[in-house]
Amino acid sequence: MSTYIIKGARILGGEPADLLVRDGVIAEVGSGLDETGAQVVDAEGLVALPGLVDLHTHLREPGREDAETVESGTKAAAMGGYTAVHAMANTDPVADTAGVVEQVWRLGREAGYCDVQPVGAVTRGIAGEQLAELGAMADSAAAVRVFSDDGHCVSDAVIMRRALEYVKAFDGVVAQHAQEPRLTEGAQMNEGEMSAALGLRGWPAVAEEAIIARDVLLAQHVGSRLHVCHVSTAGSVEIIRWAKSKGCPVTAEVTPHHLLLNDAKAGTYDPIFKVNPPLRTADDVTALRHALADGTIDCVATDHAPHPVEAKETEWAVAAMGMIGLETALPVVQEAMVETGLLDWAGVADRMSYRPAEIGRLTGQGRPLEAGSPANITLYDPSPRRAVDPSAMTSKSRNTPFAGLELPGRVVATFLRGEPTVLEGKLQ
């Protein structure tokens with residue numbers, strides 16, 4: 001393996017230091033480091049973060065390779081500073097067996113741009129009727145620990161309880177897509193003043209909040225780990241805050257787009273802003289930011305949801321829901337959380353690396369940048385500002401809601417176990 005000396009990086013935004021990377025690990029951290037034959041990476045002015053970890057990525061393979069593949073999605077992840085992603089189960093076929101999760105896991109290893117940890121479905125075919133092969137997926141080569149029917153809610157309370165009970169045996173976690181289906185039939189956007197003005201069927205906040213309230217009580221009753229996907233409302237924040245105060249084993253995530261955008265964007269009728277859960281109000285955005293800052297919401301997860309052009313460039317009512325986010329997540333978090341003073345770079349490392357790795361039980365990821373840790377490193381320049389250009393993105397899909405928006409920062413380099421996947425802003 002190659003040896004690198006990363007010179008003058010500001011670790012978690014602190015004072016400049018050098019990192020000696022040898023044999024896939026950080027061998028030494030200090031000043032004035034030198035080693036014969038080492039390649040030098042000039043990181044003056046750059047923030048060094050532990051490699052980012054995403055708990056919620058849609059790689060679409062198998063079945064929808066027109067939108068994304070494991071290879072293209074992990075290239076996009078590397079360009080965004082990620083060294084590990086959790087691949088959601090709503091593929092075709094669904095990742096509800098050991099065979100499918102092992103296929104996704106092996107595709108990730110072959111691509112080599114970041115670690116791919118498959119998420120297993122909770123129910124067969126994500127149909128919500130029978131539990132999937134949870135134990136077989138946990139015992140497979142992919143060693144699945146996170147299970148989710150994302151895109152669909154596990155709405156049956158009995159099945160949700162059984163899933164929570166089952167995963168306790170191997171320290172698993174059920175990640176719930178909180179959406180009461182009967183309250184959201186035909187829903188198109190957040191229910192409120194904007195939906196009324198636009199004449200679009202509303203998606204009430206209570207549809208999310210009711211499921212979260214039920215599930216935190218179930219998790220507390222069973223004594224099992226619950227993770228809440230893409231929290232989007234102020235009411236959800238309060239329920240999660242209450243649950244944590246009672247010692248409930250619950251964690252939660254928020255997406256970059258829910259930290260920066262609100263339902264006023266739907267006023268353009270541009271389906272690029274159609275997403276599940278929908279963009280909420282400005283007050284919800286404020287509540288989500290503060291919840292991420294105070295730790296009520298544990299982490300940022302992209303919910304990277306690529307779609308081909310024809311699925312988005314159509315009328316709102318029939319357009320697919322979802323947005324890509326791997327390549328813009330860190331700049332959006334800088335804009336929403338760092339520039340506003342709600343998080344420092346140590347807080348960003350906690351919410352985008354340490355905590356998601358712990359929730360997903362990824363032992364080799366989310367480690368401090370210190371001697372002996374795996375050399376999973378992101379070098380980030382927070383100073384430039386530039387408009388987001390969809391045509392310059394690495395993902396196969398272009399459905400970013402941030403097109404043309406000026407955001408700060410750029411990922412300069414990403415190291416996966418000591419080898420650069422991105423260097424000088426370019427894929428290696």
Side-chain angles (χ1 to χ4, degrees), residues 49 52 54-58 76 79-82 189-190 192 194 203 205 208 229-234 236-237 252-268 270-294 296-306 312 321-345 347-348 350-352 356 380 382-390 392-393 395 397-411:
L49 299 168
L52 306 185
D54 192 18
L55 269 174
H56 195 144
T57 305
H58 297 275
M79 288 294 288
Y82 287 89
M189 64 169 293
N190 180 56
M194 183 60 68
W203 189 307
E208 174 175 302
C229 296
H230 41 50
V231 173
S232 70
T233 78
S236 295
V237 166
E253 69 189 35
V254 65
T255 72
H257 47 270
H258 285 111
L259 289 172
L260 197 61
L261 307 175
N262 62 54
D263 62 351
K265 290 291 186 181
T268 63
D270 186 342
I272 202 72
F273 300 111
K274 187 178 179 182
V275 67
N276 180 351
L279 299 177
R280 303 290 188 178
T281 69
D283 288 342
D284 289 312
V285 171
T286 298
L288 294 170
R289 290 183 181 185
H290 285 281
L292 183 64
D294 68 24
T296 300
I297 294 177
D298 297 82
C299 61
V300 176
T302 68
D303 194 8
H304 175 81
K312 276 294 190 179
M321 295 181 179
M323 305 166 168
I324 60 172
L326 286 168
E327 295 171 76
T328 51
L330 195 47
V332 169
V333 169
Q334 181 185 346
E335 180 83 344
M337 302 300 296
V338 179
E339 300 294 319
T340 57
L342 291 170
L343 283 180
D344 58 13
W345 289 110
V348 172
D350 182 70
R351 307 311 195 272
M352 298 187 76
Y380 183 72
S383 57
R385 293 189 69 91
R386 56 181 180 171
V388 174
D389 179 5
M393 289 186 162
S395 170
S397 295
R398 298 288 180 264
N399 53 305
T400 172
F402 306 114
L405 182 67
E406 189 178 87
L407 290 174
R410 74 181 186 103
V411 172

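For reference, positions follow the sequence shown, starting with 1.
Here CG of Leu259 is found 9.5 Å from CG of Leu342. Values are rounded to the nearest 0.5 Å. Going from atom CZ of Arg385 over to atom CD of Glu406 covers 5.0 Å, rounded to the nearest 0.5 Å. Atom CG in Leu326 sits 12.0 Å away from atom CE in Met79 (nearest 0.5 Å). Here Glu335 contributes atom CD and Thr340 contributes atom OG1; the two are 8.5 Å apart, rounded to the nearest 0.5 Å.
Looking at Asp54, its side chain never comes within 3.5 Å of a backbone N or O of Ala301 through a donor-acceptor pair. Not one N or O on the side chain of Glu253 forms a donor-acceptor pair closer than 3.5 Å with the backbone of Val300. Judged by distance alone, the side chain of Thr302 and the main-chain N or O of His56 form a donor-acceptor pair under 3.5 Å.
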Hey, mind stepping through Val231 and Glu208 against side-chain contact (heavy atoms from CB on, under 4.5 Å) and telling me if it holds? CA-CA 8 Å; Val231 173; Glu208 174 175 302; 4.1 Å; yes
Between Leu261 and Val275, does the side-chain contact (heavy atoms from CB on, under 4.5 Å) criterion hold? Intermediate values first, please. CA-CA 11 Å; Leu261 307 175; Val275 67; over 6 Å; no
Yes or no on side-chain contact (heavy atoms from CB on, under 4.5 Å) for Met337 and Val348, after CA distance, side-chain angles and deciding distance? CA-CA 8 Å; Met337 302 300 296; Val348 172; 5.7 Å; no
CA sep, side-chain torsions, deciding dist, call: Gln334, Glu339, side-chain contact (heavy atoms from CB on, under 4.5 Å): CA-CA 6 Å; Gln334 181 185 346; Glu339 300 294 319; 2.8 Å; yes
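Two residues are said to be in side-chain contact when any heavy atoms from C-beta on lie closer than 4.5 Å; Leu279 and His258 meet this criterion. Using a 4.5 Å heavy-atom cutoff, the side chains of Leu407 and Leu260 are in contact. Residues Val388 and Met393 are in side-chain contact: their nearest non-hydrogen atoms beyond the backbone lie under 4.5 Å apart. The shortest side-chain heavy-atom distance between Tyr82 and Met352 falls under the 4.5 Å cut-off. Between Pro331 and Phe402 there is no side-chain heavy-atom pair separated by less than 4.5 Å. Within the 4.5 Å cutoff, no side-chain heavy atoms of Lys312 are placed close to those of Ser397. Side-chain contact between Trp203 and Asn190 is absent, with no heavy atoms from C-beta onward closer than 4.5 Å. Side-chain contact between His58 and Asp303: present, with at least one pair of heavy atoms (C-beta onward) separated by less than 4.5 Å.
Between Ile324 and Pro401, the shortest heavy-atom contact is O-CD, 4.0 Å. Among all heavy-atom pairs drawn from Met194 and Ala264, the shortest one is CE-CA, 3.7 Å. Nearest heavy atom pair, residue Arg351 against residue Ala293, reads NH2-O, 2.8 Å. The shortest heavy-atom contact between Gly409 and Tyr380 is CA-OH, 3.2 Å. Closest approach of Asn399 and Ala305 over heavy atoms only: ND2-O, 2.9 Å.
Applying the side-chain hydrogen bond (donor to acceptor under 3.5 Å, both in side chains) test to every pair with at least one member in residues 285-294, sequence neighbours left out, gives these pairs: Arg241-Asp294, Asp294-Thr296.
Under the side chain to side chain contact (heavy atoms under 4.5 Å, CB included) rule, Val237 has a single partner from Leu288, Val254, Leu292, Asp284, which is Leu288.
The closest side-chain donor-acceptor pair between Ser232 and Arg280 falls under 3.5 angstrom.
Within 6.0 Å of CZ on Arg386 lie no more than 12 heavy atoms contributed by other residues, nucleotides or ligands.
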